[in-house]
Amino acid sequence: MAVYQVTCIKKDDRKSAYERISTLGGSNWQASSDDVITYIERGTHSFYVTKNGSHTDVVVAVRLGRKYLKTRADDSEPNNLLSLPECP
């Protein structure tokens, strides 16, 4: 399984917090949120963010029938991901 650290995101502020992230990225890679969801669900890739020296997994969640990405530590909103800087 490939493991990737997420260090940046691209977001669409016109959508809800659960649909806002359109792209995740890291060192020399970027992928759409739909692709990341597929990779996680297939078990071929895993993704994580680092905050204050600790690693937190990115997971797939469902709200109102729509899949979205969040970190395992988040209760209801993808705050850890939304706080990442914008990808170039």
Side-chain angles (χ1 to χ4, degrees):
M1 176 187 298
V3 179
Y4 295 93
Q5 180 180 8
V6 180
T7 58
C8 65
I9 61 167
K10 288 184 183 178
K11 56 187 170 182
D12 182 348
D13 287 328
R14 297 171 292 173
K15 295 187 176 187
S16 73
Y18 300 101
E19 300 173 313
R20 191 174 293 170
I21 298 170
S22 63
T23 303
L24 288 82
S27 180
N28 299 315
W29 68 273
Q30 285 189 19
S32 73
S33 60
D34 288 339
D35 286 345
V36 171
I37 288 168
T38 299
Y39 299 147
I40 292 171
E41 289 181 332
R42 288 184 181 165
T44 59
H45 301 63
S46 68
F47 300 84
Y48 70 93
V49 296
T50 301
K51 188 170 184 178
N52 299 326
S54 64
H55 298 270
T56 304
D57 291 331
V58 175
V59 296
V60 178
V62 179
R63 179 162 171 87
L64 301 174
R66 168 109 171 121
K67 294 179 183 180
Y68 69 98
L69 297 166
K70 69 175 198 165
T71 56
R72 189 175 304 281
D74 290 336
D75 290 331
S76 62
E77 294 185 27
N79 291 331
N80 286 342
L81 289 174
L82 285 174
S83 67
L84 293 174
E86 192 80 11
C87 293

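Sequential numbering from 1 along the given sequence is applied to the chain's residues.
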Peer 1: Say whether Val59 and Ile40 are linked into one hydrophobic cluster, either directly or through other cluster members, by side-chain heavy-atom distances under 4.5 angstrom.
Peer 2: no
Peer 1: Carefully, step by step, assess Tyr39 and Phe47 under the rule side-chain contact (heavy atoms from CB on, under 4.5 Å).
Peer 2: CA-CA 9 Å; Tyr39 299 147; Phe47 300 84; 3.9 Å; yes
Peer 1: Could you give the distance from OG (Ser32) to CD1 (Ile21), rounded to the nearest 0.5 Å?
Peer 2: 12.0 Å
Peer 1: I'd like to know if Arg72 pairs up with Asp57 as an ion pair, taking the criterion as any Lys NZ or Arg NE/NH1/NH2 lying under 4.0 Å from an Asp or Glu carboxylate oxygen.
Peer 2: yes
Peer 1: Do the non-hydrogen side-chain atoms of Lys10 and Gln30 ever get within less than 4.5 Å of each other?
Peer 2: yes
Peer 1: I'd like to know if Val36 and Val60 are part of one continuous hydrophobic network [Ile/Leu/Val/Met/Phe/Trp/Tyr, side-chain heavy atoms within less than 4.5 Å].
Peer 2: yes
Peer 1: Does Gln5 form a side-chain contact (heavy atoms from CB on, under 4.5 Å) with His55? I'd like the steps, not just the answer.
Peer 2: CA-CA 9 Å; Gln5 180 180 8; His55 298 270; 5.7 Å; no
Peer 1: Do you know the tightest heavy-atom contact between Tyr4 and Ala2?
Peer 2: CE1-CB, 3.5 Å
Peer 1: Show, in sequence, the C-alpha distance, side-chain angles and deciding distance for Leu64 and Arg66, and conclude whether the side-chain contact (heavy atoms from CB on, under 4.5 Å) test is met.
Peer 2: CA-CA 6 Å; Leu64 301 174; Arg66 168 109 171 121; 5.6 Å; no
Peer 1: To the nearest 0.5 Å, how far apart are CD1 in Ile9 and CG in Leu69?
Peer 2: 10.5 Å
Peer 1: Which pair of non-hydrogen atoms, one from Gly43 and one from Met1, has the smallest distance, and what is that distance?
Peer 2: O-CE, 3.2 Å
Peer 1: So if you build clusters from Ile, Leu, Val, Met, Phe, Trp, Tyr with side-chain heavy-atom gaps below 4.5 Å, do Tyr48 and Val58 land together?
Peer 2: no
Peer 1: What pair of heavy atoms forms the shortest contact from Leu24 to Cys87, and how long is it?
Peer 2: C-SG, 4.5 Å
Peer 1: Ile37, Leu81: one ILVMFWY side-chain cluster at the under-4.5 Å cut-off?
Peer 2: yes
Peer 1: Working note: His45 + Val3, criterion side-chain contact (heavy atoms from CB on, under 4.5 Å); need CA distance, chi angles, decisive distance, verdict.
Peer 2: CA-CA 6 Å; His45 301 63; Val3 179; over 6 Å; no
